[in-house]
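To find a chain, count down the sequence lines: A is the first, B the second, and so on, and within it residues start at 1.
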Protein chains: 2
Amino acid sequence: MAQAGEGRRNGRVTIREVADDAGVSVAAVSKVLRDAYGVSDALRAKVRASMDRLGYRPLASARGMRGQTYTLGLVLPDLRNPFFADIMTGVNNALERTQYQVMMGISASTAKLETGVVDSMIDRQMDGIILIGSTESRESLNTIAEKKPLVTIGHHDPSAEAFDTVNNNDQQGALLAVRHLVAAGYSKIAMLSLQGEPSSILAEREQGYRHGMVEAGLGGAINIASATQVMRDVQFAAKRLLQGPRRPDAIFCWTDFIALEVISVATELGLRVPEDVGIVGYDNTMFCDFAQNSLTSIDQSGELLGLQAARLVIERINGRTAVEHFVVPPRLVARRSTSR
Amino acid sequence: MAQAGEGRRNGRVTIREVADDAGVSVAAVSKVLRDAYGVSDALRAKVRASMDRLGYRPLASARGMRGQTYTLGLVLPDLRNPFFADIMTGVNNALERTQYQVMMGISASTAKLETGVVDSMIDRQMDGIILIGSTESRESLNTIAEKKPLVTIGHHDPSAEAFDTVNNNDQQGALLAVRHLVAAGYSKIAMLSLQGEPSSILAEREQGYRHGMVEAGLGGAINIASATQVMRDVQFAAKRLLQGPRRPDAIFCWTDFIALEVISVATELGLRVPEDVGIVGYDNTMFCDFAQNSLTSIDQSGELLGLQAARLVIERINGRTAVEHFVVPPRLVARRSTSR
DNA sequence: TCAAAAACGTAGAACGGTATACGTAGAACA
DNA sequence: TGTTCTACGTATACCGTTCTACGTTTTTGA
């Protein structure tokens, strides 16, 4: 076991070899590497040339021992939801011209796994952490923030001090959805929410939904069902709603791919979308636009969220301590699934 | 900048503190950590207790300097394709009871970015690398394999010696698709393939498609179009096919989400699926099952592929050098999109 | 009963960078 | 002309582990 590892390590160029090649000290090379103070242009050029010639790449582990690893950790709840692809695009754009690299981990939407992933990112000396759709408590997040610069996406905590948050206005997004449905003539509007560890964005969306219903004088029709992200569970919940005594004429779903599944269930039950039941999703992912779905959805500009999160975490790495809470307004994109 | 980093590092428990707490040497603690030879049960228990009491976690960077980091790198081409979620499930299952952790990177399906991601994983001392849907050349892969244990998923190279491969039989998968379409009464069967850097799995699928067409006496109708993964591009290619002079009555698409897009385009053009045009996808991702899609697809057991890849890379880390090529047979799942 | 072997534990040199403390030369200032 | 800065380089301790080499105790075998 050690054998294979040892054999492979050979051939790796070290900072010492670069220093020898350039005829300077190790410290000088390190300075060039870090863009540190006290290097002349001539020396910099000489060192750069040697690095290129030898194909030198600094070892992140070694750097991590005393300085930075130039690695950002990004935790996703789930790989099936294409919304996260949009966020990643934004993150990558923000990092394009920096020397930072992102490594992703999956929390599978459970606090236990999420903690494990985050801990292992801290163990791996990530310089900063971006947490998407976290279900952790304020204290847990503060604990993480004590150790590493932290930014959350999709976690509402406007009074948080130790970490930054990036969000769309989920309450308003839900409100837009309800208003749109009401305007389209629906009145028995239900919401399908997420079951499991309580998440602040779901709380916000539920709040917005309630608000919208009351505003439209439909407070009596408020009806929030919930299901985990497991297929079978969603199908069951959707059937319950659509076959129950208080059958809704519209369902606002907390995320697109759940909405697509609800469309599927409705279709199988012989219900027509949008005539018999209107459906609204959230995130406006690429699948909404497919003709067979044509799903009305709330756009929360995932790419922008990712971009901002990356910007904020790098600012924190560079020393900012004042908290920042970034909120983008959501936008409703109407499609056929609600055009009654 | 250093300030923030320094302030945060404080409080981290080191192996020395554990050793002091347990009243043993640092080396002894390290041995316990690595399950190395020469520790009595009593010592092990004592050390474990101290580790728990102090909340000790070994620092990956420091471990990486001499030994392993217990981190596996996994490179995905794309975050939008839900197929990769299946693979990840398998990988995670395989790693459940080990101390390995996976970190993911995205190659965006370009060799340049892929090289960058892989290099940065090597810099970060990942113990092994799993590459999904790689478009790199044999030499590049060999170069990587020289440095780290490497396993590819979705890359055919049965004569590779330096790294393991895990695949489904793509040629057979395509063959199944064509045979199924022929049996359902389609004859002008086109294939929509992937444009860009040549990929061996696409080559295999095209080969299988050709083979199937010839076998059915339809050699003259062979028609392979291609498009990148960009939405607009796919739509354009689909329209070209469906509005062209040799309009096919069925299209075999290289992956599900492309097929869903083709269904969308066909629908918008007023064509009925499956009556006017039959559609087959590949990967049998969760979206195929939705009633509005009901997409016939080829299942390649993503979860199994992920599981095997993780197993193989760990075996290599543990010293195996003999090459292994794992191939799983694909399975056609018929749905409404081809039931003429 | 004694030598040899096995089991257990320790000391301390790596690993490849970073960053502090310091030396030296030339420029600027009085 | 000396003094004080500033710019540029260097030497080297240090980060938290691993792992080899070695010493000591216990067990085994004849």
Looking at B:Asp123 and A:Arg12, is any side-chain nitrogen of the basic one under 4.0 Å from a carboxylate oxygen of the acidic one? yes
Nearest-angstrom distance from the residue atom CZ of B:Arg57 to P of D:dT17: 12 Å
Length of the line joining A:Arg63:CZ and D:dC15:C1', which is rounded to integer Å: 15 Å
Rounded to whole Å, CG of B:Asp35 lies from P of D:dC19 at a distance of 13 Å
How many angstroms lie between atom CZ of B:Arg124 and atom CG of A:Leu59, to the nearest 0.5 angstrom? 10.0 Å
Quick check: any donor-acceptor pair below 3.5 Å linking the side-chain of A:Arg66 to the base of C:dA19? no
Report the distance from atom CG of B:Leu59 to atom P of D:dC14, rounded to the nearest whole Å. 18 Å
Between A:Tyr37 and C:dT20, is there a contact of a side-chain N or O with OP1 or OP2 at under 4.0 Å? no
Does A:Ser30 make a side-chain N or O approach to OP1 or OP2 of C:dG17 shorter than 4.0 Å? no
Do B:Arg12 and D:dG16 share a donor-acceptor pair, side chain to base, under 3.5 Å? no
Identify which nucleotide among D:dT17, C:dT18, D:dT10 has an atom closest to any side-chain atom of B:Thr14, counting heavy atoms from C-beta outward. D:dT17
Phosphate-side-chain proximity, A:Arg16 and C:dG16, N/O vs OP1/OP2 below 4.0 Å: no
Using a 4.0 Å cut-off on heavy atoms, which residues in residues 39-50 of chain A reach DNA chain D? List them by number, or say none. A:Val39, A:Ser40, A:Leu43
Give, for atom CG of B:Leu312 and atom CZ of B:Arg320, the distance between the pair rounded to the nearest 0.5 Å. 5.0 Å
Nearest 0.5 angstrom please: A:Leu79 CG to B:Asp86 CG, how far? 9.5 Å
From the options D:dC15, C:dT10, D:dT10, select the nucleotide whose nearest atom is closest to the side chain of B:Ala27. C:dT10
Rounded to whole angstroms, how far apart are CG on A:Asp20 and P on D:dA11? 11 Å
The reported gap from CD1 in B:Ile87 to CD1 in B:Ile130 (rounded to nearest 0.5 angstrom) is 9.5 Å
CG of A:Asp127 versus C1' of C:dG17: gap in Å, rounded? 14 Å
Option from A:Leu113, A:Leu131, A:Thr143 for which side-chain contact (heavy atoms from CB on, under 4.5 Å) with A:Val118 holds: A:Leu131
Atom CG of A:Leu33 and atom P of C:dG16 are separated, to the nearest Å, by 15 Å
Looking only at non-hydrogen atoms, find the nearest pair between B:Thr115 and B:Glu136 and report the distance. OG1-OE2, 3.5 Å
